[in-house]
Amino acid sequence: MNGKSSFWTNLFILAGGIVLICMHDRVNLLSWAVFILGILFAIPGLIGIIGALRNSARNTSVGTVNTASAAGSLLIGLIMVFWPSPFVAVFVYFLAAVLILFGLMQIWILSVGGRGIGLPGWLYVLPVCVIITGIVLICTPIKETQAVFTLVAGIAMVCDAVNGLLIYLSAAESRRSDRKYLKDSLDDNR
């Protein structure tokens, strides 16, 4: 992931975390999230089926796998839109797993991506906390604590995004100082 996409990804994670924090006490927040995801599944499925029907009318070869995946996407999306309640519990565990993956990804970025940069060690604290939060959320019975879950997940997302932005800024500053050092040493050798 390059620096600019990392920056924008962290800004979107930050925005999502802020939305979860601000709306954590909404009764049907997770149902609405599943509803929106259902729409996001159904639209590409519908577009894929329309494309397959248009291609079959033109007698061009239609990919069976593409048509089947479009139909599956549309079906799952419609089920999520019209009957979101079974997906809420799965969605909660999915978000907890995403938190664990975000934390692991940041630790990997710090350890592998920041090898030659010399990033500060305190940047590891928040990713470890995000991983612990994800594990605790997976182990917690969620049905009774949806508001707590969305608040904790929002806080963890904000922490993850802030830490990602700090990593981005630290790496950018390190690269800038390395370029300045290289330029100064080249100027001294002339």
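The analysis underlying the following values was restricted to heavy atoms, covering all of them including side chains, and did not include hydrogens, waters or symmetry mates.
- Using a 30° and 60° split on the angle between ring planes, Trp32 and Phe35 fall in the perpendicular class, above 60°.
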CA sep, side-chain torsions, deciding dist, call: Tyr124, Ser111, side-chain contact (heavy atoms from CB on, under 4.5 Å): CA-CA 9 Å; Tyr124 285 93; Ser111 62; 3.7 Å; yes

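- Asn163 places a side-chain heavy atom less than 4.5 Å from the side chain of Ile167.
- By the 4.5 Å heavy-atom criterion applied to side chains, Ile138 and Ile100 are counted as neighbours.
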Residue pair Ile131, Ile107: steps toward the side-chain contact (heavy atoms from CB on, under 4.5 Å) verdict: CA-CA 10 Å; Ile131 291 170; Ile107 289 174; 3.7 Å; yes

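- Residues Leu74 and Ala42 come closest through the heavy atom pair CD1-O, 3.5 Å.
- Looking only at distances, a side-chain donor or acceptor of Ser73 sits under 3.5 Å from a matching main-chain atom of Phe41.
- Residues Val81 and Pro84 come closest through the heavy atom pair O-CD, 4.0 Å.
- Closest approach of Cys159 and Leu126 over heavy atoms only: O-CD1, 3.7 Å.
- Annotation for Gly103 and Pro127: closest pair O-CB, 3.6 Å, computed over non-hydrogen atoms.
- Transitive grouping of hydrophobic side chains (ILVMFWY, heavy atoms separated by less than 4.5 Å) keeps Val125 and Leu104 in distinct clusters.
- Leu110 contributes atom CG, which lies 5.5 Å from atom CG of Leu123 (distance to the nearest 0.5 angstrom).
- Here the shortest heavy-atom pairing between Ala96 and Leu137 reads CB-CB, 3.9 Å.
- Here the closest heavy-atom approach between residue Leu14 and residue Val158 is recorded as CD1-CG1, 3.8 Å.
- Remark: side-chain polar atoms of Gln106 are paired, donor with acceptor, to backbone N or O of Asp160 under 3.5 angstrom.
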Residue pair Trp83, Val34: steps toward the side-chain contact (heavy atoms from CB on, under 4.5 Å) verdict: CA-CA 9 Å; Trp83 193 35; Val34 170; over 6 Å; no

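- Expressed to the nearest 0.5 Å, how far CD1 of Ile13 lies from OG1 of Thr9 amounts to 6.5 Å.
- In the hydrophobic clustering of ILVMFWY residues, with side-chain heavy atoms under 4.5 Å counting as a link, Leu95 and Leu101 come out apart.
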